[in-house]
Amino acid sequence: MRLGPRSIAALALISAIGVMAFGWPLLADSASGLAHSKDAPWLFAALLPMLLAVVVATIADTGLDAKAIAMLGVLAAAGAAMRPLGAGTAGIEPMFFLMVLSGRVLGPGFGFVLGSVAMFASALLTGGVGPWMPFQMLTMGWVSMGAGLLPGPDRLRGRGELAVLAVYGAVSAVLYGLVMNLQGWPYIAGLTSGVSFVPGDPLDQNLARYLAYCLATSLGWDLPRALVTVILTCTLGGTVLRALRRATRRAAFDVPASFTPDPPREAASR
């Protein structure tokens with residue numbers, strides 16, 4: 001499912017909103033007194049219509065139909081069901097493997113919506129609803145969208161494609177943790193001065209503290225997540241890719257619907 005101009009515009013807008021939502025605390029002054037726990041409901045309220053806008057834009061650009069929506073629901077449910085298998089256990093999250101491969105086969109627009117919806121469904125399933133949820137939806141959407149933007153979707157196959165997806169999965173799994181840290185790090189009290197956020201300090205100094213914070217806290221979850229994604233991609237990736245591509249061909253998402261007029265009654269009676 002290729003991106004059209006409407007889909008590109010919708011994805012660019014929602015990504016810009018996401019970047020501002022994650023990054024504004026680094027540029028806020030010390031007197032702002034704002035926290036993501038307060039702005040998360042507003043981000044969630046903006047995210048849902050923007051996701052709908054991406055779907056509508058994709059339908060307008062590519063003719064996305066009920067079969068594609070059904071596949072979106074199935075893959076989102078599968079991703080949500082996979083997340084509890086290892087969520088909270090040393091970063092073992094097999095969900096990333098499916099989101100990366102689905103984004104690769106079905107394209108960036110479909111991938112973004114899939115990643116966001118799957119994360120939303122998994123939050124409801126695991127009871128993980130909180131101010132972090134809209135940020136998780138955005139970040140997982142980016143992960144799956146990025147897989148759809150990888151080069152050679154029509155040419156690269158076999159071990160070469162699995163290698164590209166494994167590397168991308170590992171990098172995106174680590175980046176997911178780094179980006180998600182921005183959601184809570186500026187508001188965690190009681191940290192040492194070497195890793196805590198200091199409102200109003202120069203951006204480079206806060207970024208240095210942020211990297212130290214990531215090394216001290218989340219890297220132990222990010223690296224196992226990356227390792228699990230690589231292992232699953234190398235062992236099961238070929239089978240899953242073939243299954244997804246077979247389902248896509250049978251659904252014929254890219255084939256425009258055509259209707260053959262009924263023959264005249266006189267000719268039919270003969």
Side-chain angles (χ1 to χ4, degrees), residues 1-4 7-8 11-12 15 54 58 61-64 67-68 71-72 74-83 85-86 90-119 138-180 219 221-255:
M1 300 181 190
R2 293 175 175 82
L3 287 178
S7 303
I8 293 174
L11 287 172
S15 296
V54 174
T58 305
D61 287 334
T62 65
L64 195 69
K67 294 177 290 185
M71 179 171 284
L72 172 65
V74 170
L75 291 174
M82 292 177 70
R83 193 177 180 214
L85 297 178
I92 300 174
E93 296 185 57
M95 178 185 184
F96 277 74
F97 152 75
L98 180 61
M99 295 298 103
V100 169
L101 268 61
S102 299
R104 169 66 172 179
V105 173
L106 295 164
F110 188 100
F112 183 88
V113 177
L114 171 62
S116 300
V117 172
M119 187 59 74
L138 273 170
T139 312
M140 184 59 77
W142 286 333
V143 168
S144 193
M145 180 179 71
L149 294 173
L150 292 174
D154 299 323
R155 303 181 305 276
L156 188 60
R157 292 291 187 273
R159 294 181 180 179
E161 182 178 34
L162 290 180
V164 171
L165 291 174
V167 171
Y168 173 80
V171 172
S172 63
V174 173
L175 289 179
Y176 174 88
L178 295 179
V179 172
M180 278 304 301
L219 201 61
W221 276 261
D222 299 336
L223 292 180
R225 184 192 303 121
L227 180 61
V228 168
T229 303
V230 170
I231 292 173
L232 290 177
T233 301
C234 292
T235 56
L236 302 176
T239 302
V240 175
L241 285 173
R242 285 192 295 271
L244 288 172
R245 284 176 174 139
R246 187 182 306 115
T248 302
R249 286 194 300 269
R250 290 184 177 180
F253 295 142
D254 295 329
V255 178

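Note that the numbering runs from 1 along the sequence shown for the chain.
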| How far does CE of M140 sit from CG of L114, to the nearest 0.5 angstrom? | 9.5 Å
| said: I need the minimum non-hydrogen distance between G148 and P108, along with the two atoms involved. | reply: O-CD, 3.6 Å
Report, one line per pair, each donor and acceptor closer than 3.5 Å where one atom sits in a side chain of residues 164-171; sequence neighbours left out.
{"unit_1": "Y168", "atom_1": "OH", "unit_2": "V143", "atom_2": "O", "d": "2.5"}
{"unit_1": "Y168", "atom_1": "OH", "unit_2": "A147", "atom_2": "N", "d": "3.3"}

| Heavy-atom side-chain proximity of L236 to L101 below 4.5 angstrom | no
| message | Once side chain to side chain donor-acceptor pair (under 3.5 Å) is applied, what residue pairs with a partner in residues 101-111 remain, sequence neighbours excluded? | response | R104-E161
| message | Suppose the criterion is salt bridge (Lys or Arg N to Asp or Glu O under 4.0 Å): which pairs have a residue in residues 162-173, not counting sequence neighbours? | response | none
| Atom pair CG (D222) and CG (L227), whose distance is rounded to the nearest 0.5 Å | 12.5 Å
| request: Any chance you could measure L72, atom CG, to L106, atom CG, to the nearest 0.5 Å? | output: 9.0 Å
| Qualifying residues under ring-ring contact (aromatic ring centres under 6.0 Å, His included), relative to F96, sequence neighbours excluded | Y176
| query | Got V228 and F97 here, is their nearest side-chain heavy-atom distance under 4.5 Å? | reply | no
| task | Test side-chain contact (heavy atoms from CB on, under 4.5 Å) on M119 and M95 and set out the steps. | result | CA-CA 9 Å; M119 187 59 74; M95 178 185 184; 4.3 Å; yes
| said: Enumerate the salt bridge (Lys or Arg N to Asp or Glu O under 4.0 Å) contacts for residues 106-116, please, sequence neighbours excluded, ordered by first and then second residue. | reply: none
| query | Which pair of non-hydrogen atoms, one from A247 and one from M71, has the smallest distance, and what is that distance? | reply | CB-CE, 3.4 Å
| said: When you measure from the side chain of R225 to the backbone of A173, do you find a donor-acceptor pair of N or O atoms at a distance under 3.5 Å? | reply: yes
| request: Could you tell me which non-hydrogen atom of R245 sits nearest to which non-hydrogen atom of V105, and how far apart they are? | output: CG-CG1, 3.8 Å
| request: Determine which pairs satisfy side chain to side chain donor-acceptor pair (under 3.5 Å) with at least one residue from residues 138-153, sequence neighbours left out, and list them in order. | output: S15-W142
| message | Using 0.5 Å steps for rounding, measure from the CG atom of L98 to the CD atom of E93. | response | 13.5 Å
| Chi angles and distances behind the side-chain contact (heavy atoms from CB on, under 4.5 Å) call for L156, L150 | CA-CA 10 Å; L156 188 60; L150 292 174; over 6 Å; no
